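All residue numbers in this chain count up from 1 along the given sequence. All figures in this text were calculated on a predicted structure; none of them were measured in a lab.
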Amino acid sequence: MFLRRTAGLVLAVVMAASVVGLPMTQATALPTATEVTADRAVLETALAKYDAAQAESSAIDAQVAAASGELDRLVLQEQQCQARLQAHVSAMYRSTGADTLSLLLGASDLQELAARLDLLDRIARQANDNLTALKAAQAEATSSAEELLTLQSEQAEALSVLEQEVAVARQQLAASEAALREYEAQMAAKAKAAKAAADAATKVNQGLVGTGEWGTAVASHYSWNFTGRGASGEAIGPYSMMVAHKTLPFGTLIEFEYNGKRAVAKVADRGPYTAGREFDLGPGVARVLGFTGVHEVRYRIVSQ
């Protein structure tokens, strides 16, 4: 029966629905486009399975319609058989028993009597066979209807499961996309802030790019006996001709003038970080200039 063959389709749909495993975890703190792509692939897979299940469901619907048509045919056939049986019974028993006896006794000889008895027997057996076939058809129609109920129930359940999987996949993709948008917005804000800081540093350094022009600035100094290592990685000792600045590139050469004395220094460290001070003179520079404390100096950028 076709119902037993199509039952396999519903089983396949149910198994397909159980295969789709969708994560329910929240979006990670640092989402990536790759994760969003993976979630989108999960959704597309669920949609493909759902579309396939709907296609199989449509095929099953067609078979159900055909089965319903066959059931209608069986019911009509049952009604026709019942009508024929009723007509036959009415014709047989409309006459009295004497009439039937007269039919038998009216035979001219034993051979005709046997023929009449055989005819009546065949009529009775045919009626019995029709009734048996009718009952079998009726039982088959009932069984088919019950199997249709089971098949359609499993079909509806399978589609419902896949609909839930698709809904979960859509929700997961929407969450990961929203998290990625938020993360990208944060990264854009940080990049904008970094650019603003770089622009500010560039503005501070404007006019300090090896023009040879003298300017003035407030400077402090390292201890004359200081030893250590600058932010550039260069070792600093009591005679190091270096200077610290917050933004000028390492290796920039600057000439300083203080109380009529001059000294050339190389940027090798960052600082000073006290407000109002622009340079921190290294131990060797402070020695050459005879510099102590915090004072205004003249300077010019020699090269960068």
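- Checked against M241 for a side chain to side chain contact (heavy atoms under 4.5 Å, CB included), the options V288, L281, V264, L253 give a single hit: V288.
- Side-chain atoms of V267 and I254, non-hydrogen and from C-beta on, do get closer than 4.5 Å to each other.
- In this structure, R40 CZ and R170 CZ are separated by 12.0 Å, a value rounded to the nearest 0.5 Å.
- Residues meeting the side chain to side chain donor-acceptor pair (under 3.5 Å) test with S220, sequence neighbours left out: D280.
- Heavy atoms only, all atoms of each residue included: A217 and E278 are closest at CB-OE1, 3.5 Å.
- Atom OG1 in T37 sits 9.5 Å away from atom CD in E177 (nearest 0.5 Å).
- In this structure the side chain of H221 never reaches within 4.5 angstrom of the side chain of R287, judged on heavy atoms.
- Atoms CG and CD, from D269 and E234 in turn, are 9.5 Å apart once rounded to the nearest 0.5 Å.
- Taking the ring-ring contact (aromatic ring centres under 6.0 Å, His included) definition, one finds that F250 meets it with nothing, sequence neighbours left out.
- For Y239, the ring-ring contact (aromatic ring centres under 6.0 Å, His included) test picks out no residue, with sequence neighbours left out.
- The heavy-atom pair separating L43 from V166 by the smallest distance is CD1-O, 3.8 Å.
- Side-chain contact between P238 and T227 is present, with heavy atoms from C-beta onward closer than 4.5 Å.
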Show the numbers, then the answer: is there a side-chain contact (heavy atoms from CB on, under 4.5 Å) between T216 and V297? CA-CA 6 Å; T216 59; V297 297; over 6 Å; no
Would you please test V302 and T252 for side-chain contact (heavy atoms from CB on, under 4.5 Å) and show each step? CA-CA 8 Å; V302 177; T252 300; over 6 Å; no
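- Partners of R298 according to the side chain to side chain donor-acceptor pair (under 3.5 Å) rule, which considers only residues two or more places apart in sequence or in another chain, are E257.
- The closest side-chain heavy-atom distance from R300 to E255 is below 4.5 Å.
- Scanning for side chain to side chain donor-acceptor pair (under 3.5 Å) contacts around E184 gives an empty result, with sequence neighbours left out.
- With hydrogens and angles disregarded, a donor-acceptor distance shorter than 3.5 Å links the side chain of K246 to the backbone of P272.
- The CG atom of L180 lies 9.5 Å from the OG1 atom of T34; values are rounded to the nearest 0.5 Å.
- F226 belongs to a hydrophobic cluster whose remaining members, ordered by chain and number, are Y222, I236, M242; membership requires side-chain heavy atoms of ILVMFWY residues under 4.5 Å apart, directly or through intermediates.
- Residue V243 is not grouped with residue W224 when hydrophobic side chains (ILVMFWY) are merged at heavy-atom distances under 4.5 angstrom, including chains of intermediate members.
- Side-chain rings of F291 and F256 stay apart, their centers remaining 6.0 Å or farther from each other.
- Taken to the nearest 0.5 Å, the CH2 atom of W214 stands 11.0 Å off from the OH atom of Y299.
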